[in-house]
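Below is one structure, written out as structure tokens, with a few remarks after it.
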Amino acid sequence: MEQKWVVFSLEENTYGIDVQSVRSIERIQPITRVPNAPSHVKGVINLRGVVTPVIDLRLRLGYEEIDPTDETRILIASLNQGDAGFIVDRANEVVESDEVRIEPIPESSRDMLSAHLTAIAKGEDKLFSLLDANALFEEQYAE
Amino acid sequence: MDVNEYLGLFLDESQEHIQSINTQLLKLEQSGGADVVQEIFRSAHTLKGMSSTMGYERVANLTHEMESALDLVRGGKKESNQLLLDTMFIAMEQMEDMIANIENGGQGANVDVTETVAAFQAFIGGKEVEVEKTSDTSTFEIDLYTNSVIEQAKQTGFEAFQITVKLSDAVVLKAARAYMVFDRLQELGEVVRTHPETEEIEQEQFDLSFDVLFLSQETAEVIEHAIAQVSEVERVEVTSFTGTTDSEPEVAVTAEPITQEPVQPVIAKEEQKETKDGKEQAAAQAQAKTIRVNLERIDRLMNLFEEFIIDRGRLERLADEVGQPELNETVEKIKRGTNELQSLVLTLRMMPIEQVFNRFPRMVRSVAKEIHKKVQLDISGAETELDRTVIDEIGDPLVHLIRNAIDHGIERPEVRLQAGKPEQGMLSLRAYHGGNRVFIEIEDDGAGINVDKVRAKALERGVISDEEAGAMSDNELAMLIFAPGFSTADVVTDLSGRGVGLDVVKNKIESLGGVVSLETVTGHGTKFQVSLPLTLSIISAMLVQVGEESYAIPLTSILETTLLDEADILTAHRERVFDFRGQLVPLVYLKEMFGIETETKSQFPVVVVRKGNKLVGVVVNDLIGQQEIVMKPLGTYLEGIPAISGATILGDGRVALIVDSNDLF
């Protein structure tokens with residue numbers, strides 16, 4: 001079956017997330033901080049009347065926090081626990097499965113990230129890791 | 001078939017049918033009636049069909065037996081009795097449990113229905129009603145006129161016969177043969193009625209047989225012999241006509257012959273009337289057409305609409321700045337339109353509380369029966385509308401209060417008689433609107449709450465001190481029954497022994513934004529009052545500013561707001577407190593609680609909030625003002641964040657968090 005991924009960047013690294021689970025891609029907008037929430041939770045936004053939590057994916061995946069730029073986007077994902085937003089540096093493109101080969105994650109790079117990674121997608125001039133968005137959420141209290 | 005797709009529909013409809021059966025069963029118990037039986041039968045039939053389609057065999061099995069039993073009653077083959085009624089009530093309770101199980105993902109196999117099924121089968125296999133049997137064979141529906149003719153004829157020595165004539169298969173001229181039969185009959189007596197009608201017989205509009213209602217002084221044998229002589233008559237049956245019974249002369253006297261209503265026993269006439277009423281009701285129901293809409297869709301509509309309202313605000317501001325008259329006019333029109341739309345959208349989630357109240361008559365009946373009390377339930381205001389979410393949640397607390405009223409409030413019949421009260425206790429259930437709240441009252445005319453006993457127990461359990469007890473009014477003392485771990489029941493009955501206290505009821509009601517209070521008069525009864533917000537989602541709140549952040553504090557928890565000077569702060573047990581009308585009240589700094597970097601001025605506002613009779617002063621930077629806000633959940637992901645109960649969207653589109661002041665204590 002044909003699959004598609006929304007591909008986005010954090011620093012120099014690119015990640016892909018199943019297009020089925022992405023509701024929309026939003027520009028950065030005012031975020032209300034939620035006191036005493038986990039640090040990677042930036043707060044909540046008003047997404048067309050629905051109060052939606054927003055996660056800084058940089059913090060979640062162990063990158064350094066940066067100030068938002070013109071390219072910063074919030075990927076709104078539909079997850080088991082409801083909708084949530086992921087702040088990413090840049091949303092690049094949508095890649096279809098016939099453009100890439102799916103390979104397992106190399107043993108050598110099994111680090112703290114790999115729990116959220118399902119596979120590596122390789123193509124001509126393309127290389128990105130596939131993220132399991134639900135896993136990013138479900139583990140947050142287990143940390 | 002993907003049954004999941006239909007599960008929601010199945011659950012909704014089953015609940016409706018169970019509800020309807022319950023209502024009809026109560027009606028049947030009180031007044032009986034063929035149309036009521038018919039109604040129950042129909043619902044049972046539908047339930048059976050739905051559940052077997054969905055593969056819930058136990059549900060289908062139970063309804064099948066119930067349907068079969070009802071079919072016999074419906075067809076007049078058996079008479080309904082108390083045992084059957086009780087069995088049906090039990091069956092409905094079991095059905096409810098099974099449906100609830102299915103709703104929670106089960107297969108509806110959580111209840112053992114063998115006994116109930118056996119009870120139905122016993123009924124089905126039991127002796128049939130004999131009275132109806134003879135008239136069963138009658139093909140004649142006798143109107144009052146005919147009936148009186150028969151009665152009169154009988155008094156002058158005539159007998160009524162029902163004659164069935166069957167012509168031979170080879171008959172060529174049916175009408176001619178029939179004519180010959182009638183010709184013979186004319187010589188022997190009088191033809192009262194025929195079936196089919198005489199005209200139809202003359203036009204050959206009948207099969208091979210026809211029936212005649214005949215009055216004659218001759219014997220059956222003579223008549224039979226006379227007809228049998230007509231050629232091509234294959235068979236003649238002459239039986240004495242017993243469609244008339246002894247009670248019927250009364251009917252004939254009281255009813256006007258012109259109405260031509262079919263004659264049935266006296267009771268049946270009342271049923272007839274009820275059927276008419278039933279039809280009228282059905283007509284009235286049909287007028288209010290409804291469709292089922294997924295609650296999620298309505299919520300989405302409301303979300304979108306709120307977003308729209310916010311944009312309208314922006315549009316208004318922009319139009320103001322531009323100052324173009326035509327633009328202003330258009331914006332004004334939009335504003336009026338949206339205002340109407342807003343009130344309409346808010347009513348979409350409203351439902352009559354009837355849905356909750358409907359289950360109480362049966363419950364009261366069974367509870368009262370269980371503990372041998374006599375209770376009459378009086379319900380009013382069932383049409384009062386409430387938010388769907390409140391409707392879903394309020395059932396259990398009300399059940400508890402009602403059980404409590406029957407169990408502890410209303411006395412046993414002999415005690416009531418001694419006290420000079422009617423044997424039957426009165427339980428009133430009322431709902432009505434008041435302001436933007438809905439009130440539900442449960443009032444009994446029982447013994448009232450024994451305040452002395454409550455006081456003694458409260459002292460014994462250390463719920464209150466001696467001093468406090470002295471300062472409390474009777475109603476305040478009575479309210480202690482809602483305190484955790486409190487129970488005044490002398491005898492542990494099945495009802496009160498279930499380990500759930502009234503404190504759970506109170507908590508539940510409060511979680512819905514409601515308040516419960518009571519009034520009690522010893523010897524005269526108790527009234528519980530539950531007041532609930534009209535809609536769950538809209539609350540009045542005080543918006544406060546701390547640094548760059550805005551928070552909303554629900555008005556219901558605010559006692560008042562006051563200004564405080566740095567110098568007014570005292571320290572007690574290393575806690576900052578201030579003197580509030582002679583009471584030392586602890587201070588909570590929102591900036592510390594929420595980790596906000598900001599400087600507090602030397603004079604600052606304090607919002608005094610209460611929880612029960614405890615007070616806390618919440619220190620903020622600024623009071624923005626009071627506002628109606630729409631409460632929104634933070635979502636499962638952020639559930640459990642301390643001191644935050646939800647969020648709301650402000651006029652500028654930003655999200656403000658709602659402070660849960662209960663967590664500040």
Side-chain angles (χ1 to χ4, degrees), chain A residues 17 21-24 26-57 59-60 65 67-68 74-87 116 131-143, chain B residues 296 298-311 345 537 543 546-552 588-598 629-660 663-664:
Chain A
I17 180 169
S21 64
V22 178
R23 282 202 172 218
S24 62
E26 307 285 329
R27 286 175 178 277
I28 197 79
Q29 51 177 290
I31 298 176
T32 301
R33 187 184 69 96
V34 177
N36 307 316
S39 63
H40 59 269
V41 177
K42 291 299 281 183
V44 287
I45 58 168
N46 167 17
L47 187 70
R48 287 175 279 282
V50 181
V51 176
T52 310
V54 172
I55 307 260
D56 191 337
L57 206 54
L59 292 175
R60 185 71 186 85
E65 189 176 4
D67 284 335
I74 305 176
L75 297 188
I76 306 296
S78 160
L79 306 173
N80 298 340
Q81 296 192 328
D83 290 0
F86 294 104
I87 302 176
H116 318 120
L131 266 180
D132 179 359
N134 273 313
L136 283 173
F137 255 67
E138 274 153 20
E139 273 174 40
Q140 71 120 350
Y141 287 111
E143 274 174 29
Chain B
E296 261 176 47
I298 292 181
D299 285 345
R300 250 173 65 204
L301 175 67
M302 290 182 80
N303 285 335
L304 285 173
F305 184 73
E306 280 154 21
E307 185 76 2
F308 181 61
I309 290 284
I310 290 161
D311 283 337
V345 166
S537 42
L543 285 181
V546 188
E548 295 290 301
E549 301 180 3
S550 308
Y551 290 89
V588 170
Y589 285 71
L590 221 49
K591 62 170 184 179
E592 289 166 15
M593 182 118 192
F594 290 160
I596 308 163
E597 282 177 29
T598 175
I629 59 167
V630 180
M631 245 184 128
K632 300 197 170 253
L634 270 185
T636 32
Y637 187 62
L638 289 173
E639 222 166 52
I641 298 283
I644 300 290
S645 62
T648 186
I649 294 169
L650 298 178
D652 61 1
R654 286 205 306 176
V655 180
L657 301 177
I658 300 168
V659 178
D660 183 359
D663 277 0
L664 302 176

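In the text below, chain A, chain B and the rest are named by the order of the sequence lines, each starting its count at 1.
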Supply the atom-to-atom distance A:Ile76 CD1 to A:Asp83 CG, rounded to the nearest 0.5 angstrom.
7.5 Å
Single hit among A:Ile55, A:Thr32, A:Leu57, A:Asp56 for side-chain contact (heavy atoms from CB on, under 4.5 Å) with A:Lys42:
A:Asp56
Can you name the closest pair of heavy atoms from A:Ala84 and A:Leu79 and give their distance?
CB-CD1, 4.0 Å
Let me know if A:Leu47 has heavy atoms under 4.5 Å from chain B in its side chain, its backbone, both or neither.
neither
Honestly, the part of A:Ile45 sitting under 4.5 Å from a heavy atom of chain B is backbone
So which residue, B:Thr648, B:Leu634, B:Val655, B:Ile596, ends up with the most heavy-atom pairs under 4.5 Å with chain A?
B:Val655
Could you report the tightest heavy-atom contact between B:Met593 and B:Asp663, atom names first, then the distance?
CE-O, 4.1 Å
